[in-house]
Amino acid sequence: MSNLEKTIAKAFLEMAEGLETGSFGPRPRIALTGMGSEHGEENAMAAAVAAARRGVDVRYIGTLEAEGVTTVRVDNEDEGHKRMEQMVESGEVDGAVTMHFPFPIGVSTVGRVVTPAKGKEMFIATSTGTASADRIEGMIKNAVYGIITAKASGVKDPTVGILNVDGARQTEMALNQLQKNGYAFRWAQSARADGGAVLRGNDVLQGTPDVLVCDSLTGNVLVKMLSAYTTGGSFESAGYGYGPGIGPGYDKLVLIVSRASGAPLVANALEFAAQLVRGKVFEIAAREFAAAEKAGLSKILADRKAAAKPAGGEEEVKAPPAEPCTASIPGIEVMDLEDAAKALWKAGIYAETGMGCTGPLVMMSEANHGKAQEILKAAGYIG
């Protein structure tokens, strides 16, 4: 077959797939790590097959094979995760769906659920990772992250509401200031009689806003409950999972599902990833972050932080020279993360903060791992 004939054949194939799936153009290439699920590899492959039928070019990383899915063979979960990262970094795939990923502080995932009262989709901003070690600052940023994800998924003018948790009113004040300064978004109104943008549990069940803003730990619980409330909790059957990592300057499309996620949800997550590719999520992110910054986001955050500091300020601590951080220490409260890193800086140990699948992490070199544990334990950051 000549190159011209191959080109024509490929074009007809893409047209046929477009008519079948409703999506035209090249199929987004999305990797899926199949090992590590509580429901076995077969569950992940079933999701891959279902997503492939919907127009996603799935690159399944594991040991199983199926028609319509490209398998990248690996021997174990760790090898599969490393291979996935290589594929994303190199551009071999457009994005990936996986069960855990160590997003840096500043990057947090926006979940997507189907609410039970009215079957309405809603974005949970956010559900894993953390936008900031400061909880309220994180919630303010989460609103922008949620708007980005909703727009990239086809919601042109998403409404925003804030879950009634600690810090909701401070978050609302900051976002009102951002809106007043020119950052355009619409507030949702509670379905309860008194209305307002600070929402109750009733609004969660009804899907009152397009984007529900909360801290990531609360968001994680909401995604789990709304995904598995019909199955007793062991099998996440509904919705799209915990979503893509979003943050300023971040350009790796990695979406999170759970080890308890069932094939229907994982298939939806793969399709979610493909929608974000087609929706040019990182172009939208660049525009939204620029618009928020033009409206004074950094100043609003700095003013809020300055107002919260005690008189006299804090001792300034500078980081030692940077070095590769290949070891990590978990179990640190997210609000203490930056202080824990500074405690290591004071001792001459270079450290970075991050968020792993089990929660917040302080990362350092392998050579300094033992000494860092001693320092953090003595300071009361770990048990």
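Remark: Phe272 CZ to Leu253 CG distance equals 9.0 Å, nearest 0.5 Å. If you take CD1 on Ile147 and CZ on Phe185, they are separated by 6.0 Å, rounding to the nearest 0.5 Å. Annotation: the span from Ser258 atom OG to Met99 atom CE amounts to 9.0 Å, rounded to 0.5 Å. Between atom CG of residue Leu301 and atom CD1 of residue Ile136 there is a gap of 11.0 Å, rounded to the nearest 0.5 Å. To the nearest 0.5 Å, the span separating CG on Leu361 from CD1 on Ile332 amounts to 8.0 Å. The line from NZ of Lys82 to CD1 of Ile61 is 13.5 Å long, rounded to the nearest 0.5 Å.
If you chain together hydrophobic residues whose side chains sit under 4.5 Å apart, Val198 and Val160 never meet in one group. Linking Ile, Leu, Val, Met, Phe, Trp and Tyr residues whenever their side-chain heavy atoms come within less than 4.5 Å leaves Phe235 and Val266 in two separate clusters. Follow the hydrophobic side-chain contacts under 4.5 Å out from Val72 and you reach Val56 in the same cluster. When the side chains of ILVMFWY residues are joined at heavy-atom separations under 4.5 Å, either directly or via intervening members, Leu205 and Leu222 end up in two distinct hydrophobic clusters.
Taking the salt bridge (charged side-chain N to carboxylate O under 4.0 Å, His left out) definition, one finds that Glu352 meets it with nothing, sequence neighbours left out. Judged as a salt bridge (charged side-chain N to carboxylate O under 4.0 Å, His left out), and not counting sequence neighbours, Arg192 has no contacts. Listed by chain and residue number, Arg186 satisfy the side-chain contact (heavy atoms from CB on, under 4.5 Å) test with Asp157 (two or more places apart in sequence, or in another chain). Residues forming a salt bridge (charged side-chain N to carboxylate O under 4.0 Å, His left out) with Asp194 (at least two apart in sequence, or on another chain): Arg200. With sequence neighbours left out, the side-chain contact (heavy atoms from CB on, under 4.5 Å) criterion links Ala319 to Trp345, Tyr350. For Leu226, the side-chain contact (heavy atoms from CB on, under 4.5 Å) partners two or more places apart in sequence, or in a different chain, are Val113, Pro116, Val204. For Glu89, the salt bridge (charged side-chain N to carboxylate O under 4.0 Å, His left out) partners two or more places apart in sequence, or in a different chain, are Lys252. Under the side-chain contact (heavy atoms from CB on, under 4.5 Å) criterion, Lys299 pairs with Asp303, not counting sequence neighbours. Residues passing the side chain to side chain donor-acceptor pair (under 3.5 Å) test with Thr149: none are found, sequence neighbours excluded.
Sorted by first and then second residue, the salt bridge (charged side-chain N to carboxylate O under 4.0 Å, His left out) pairs with a member in residues 208-228 read Lys120-Asp210, Arg135-Asp215; sequence neighbours excluded. The ring pair (Phe, Tyr, Trp, His ring centres under 6.0 Å) pairs that include a residue from residues 104-131 number zero, where partners must be two or more places apart or lie in different chains.
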Next item on the list: Decide side-chain contact (heavy atoms from CB on, under 4.5 Å) for Ile256 and Phe103; before the verdict, give the C-alpha distance in whole Å, the side-chain angles of both, and the deciding distance to 0.1 Å.
Entry: CA-CA 11 Å; Ile256 301 300; Phe103 293 108; 3.7 Å; yes
Checklist line | Check against side-chain contact (heavy atoms from CB on, under 4.5 Å), Met139 and Leu163 | finding: CA-CA 10 Å; Met139 289 173 63; Leu163 187 65; over 6 Å; no
Note to self: Is there a side-chain contact (heavy atoms from CB on, under 4.5 Å) between Leu297 and Ile140? Walk through the geometry before answering.
What the structure shows: CA-CA 9 Å; Leu297 177 60; Ile140 296 165; 4.0 Å; yes
When the side chains of residues 320-329 are checked against the rest of the protein, which donor-acceptor pairs come out under 3.5 Å, sequence neighbours left out?
unit_1: Glu323; atom_1: OE2; unit_2: Asn368; atom_2: ND2; d: 3.1
unit_1: Thr326; atom_1: OG1; unit_2: Glu366; atom_2: N; d: 3.4

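Remark: Arg112 does not engage Glu271 in a salt bridge, criterion side-chain N to carboxylate O under 4.0 Å. Electrostatic pairing of Arg169 and Glu172 counts as a salt bridge here, judged by a charged N lying under 4.0 Å from a carboxylate O.
By the 6.0 Å contact criterion, CD on Glu338 is open, its count of non-hydrogen atoms from other residues, nucleotides or ligands being 12 or less.
Looking at heavy atoms from C-beta onward, Thr98 lies out of side-chain contact with Val257 at the 4.5 angstrom threshold. A 4.5 Å side-chain heavy-atom check between Arg59 and Arg29 finds at least one atom pair inside the cut-off. The side-chain heavy atoms of Arg54 and Leu270, taken from C-beta on, include no pair separated by under 4.5 Å. Residues Ile30 and Leu255 form no side-chain contact, since every pair of their non-hydrogen atoms from C-beta on lies 4.5 Å or further apart. Contact annotation: the side chain of Leu276 approaches that of Ser153 to within less than 4.5 Å [non-hydrogen atoms, C-beta and beyond]. Side-chain contact between Ile124 and Cys214 is present, with at least one heavy-atom pair separated by less than 4.5 Å. Looking at heavy atoms from C-beta onward, Asn176 lies in side-chain contact with Trp187 at the 4.5 angstrom threshold. By the 4.5 Å heavy-atom criterion applied to side chains, Val281 and Pro244 are not counted as neighbours.
In terms of heavy-atom proximity, Ile105 sits nearest to Ala133 at CG2-N, 4.3 Å. When all heavy atoms of Ser108 and Thr128 are compared, the closest pair comes out as OG-O, 2.6 Å. In terms of heavy-atom proximity, Glu41 sits nearest to Gly34 at CG-O, 3.6 Å. Residues Ala47 and Ala263 come closest through the heavy atom pair CB-O, 3.4 Å. For the pair Ala238 and Leu265, the tightest heavy-atom approach, listed with the atom from each and the gap, is O-CD1, 3.1 Å. The two atoms that bring Ser216 and Asn142 nearest to each other are N-ND2, 4.5 Å, heavy atoms only.
Under the 3.5 Å distance criterion, the side-chain polar atoms of Gln189 are matched with a main-chain donor or acceptor of Gly196. Judged by distance alone, with hydrogens and angles left aside, the side-chain atoms of Asp336 form no donor-acceptor pair with the main-chain N or O of Asp339 at under 3.5 Å. One N or O on the side chain of Thr71 and one on the backbone of Leu64 form a donor-acceptor pair closer than 3.5 Å. Checked by atom type and distance alone, the side chain of Ser132 pairs as donor or acceptor with a backbone atom of Asp134 at under 3.5 Å.
A side-chain donor from one of Thr109 and Ser127 sits under 3.5 Å from a side-chain acceptor of the other. Between Glu77 and Thr33, the side chains place no donor N or O within less than 3.5 Å of an acceptor N or O (distance only, hydrogens not considered). For Gln275 and Tyr240, the side-chain atoms include no donor-acceptor pair closer than 3.5 Å.
Using the six-membered ring where Trp is involved, His100 and His81 have ring planes that are parallel, under 30° apart on the 30 and 60° scheme.
A ring-centre distance under 6.0 Å is not found for Phe289 and Tyr183.
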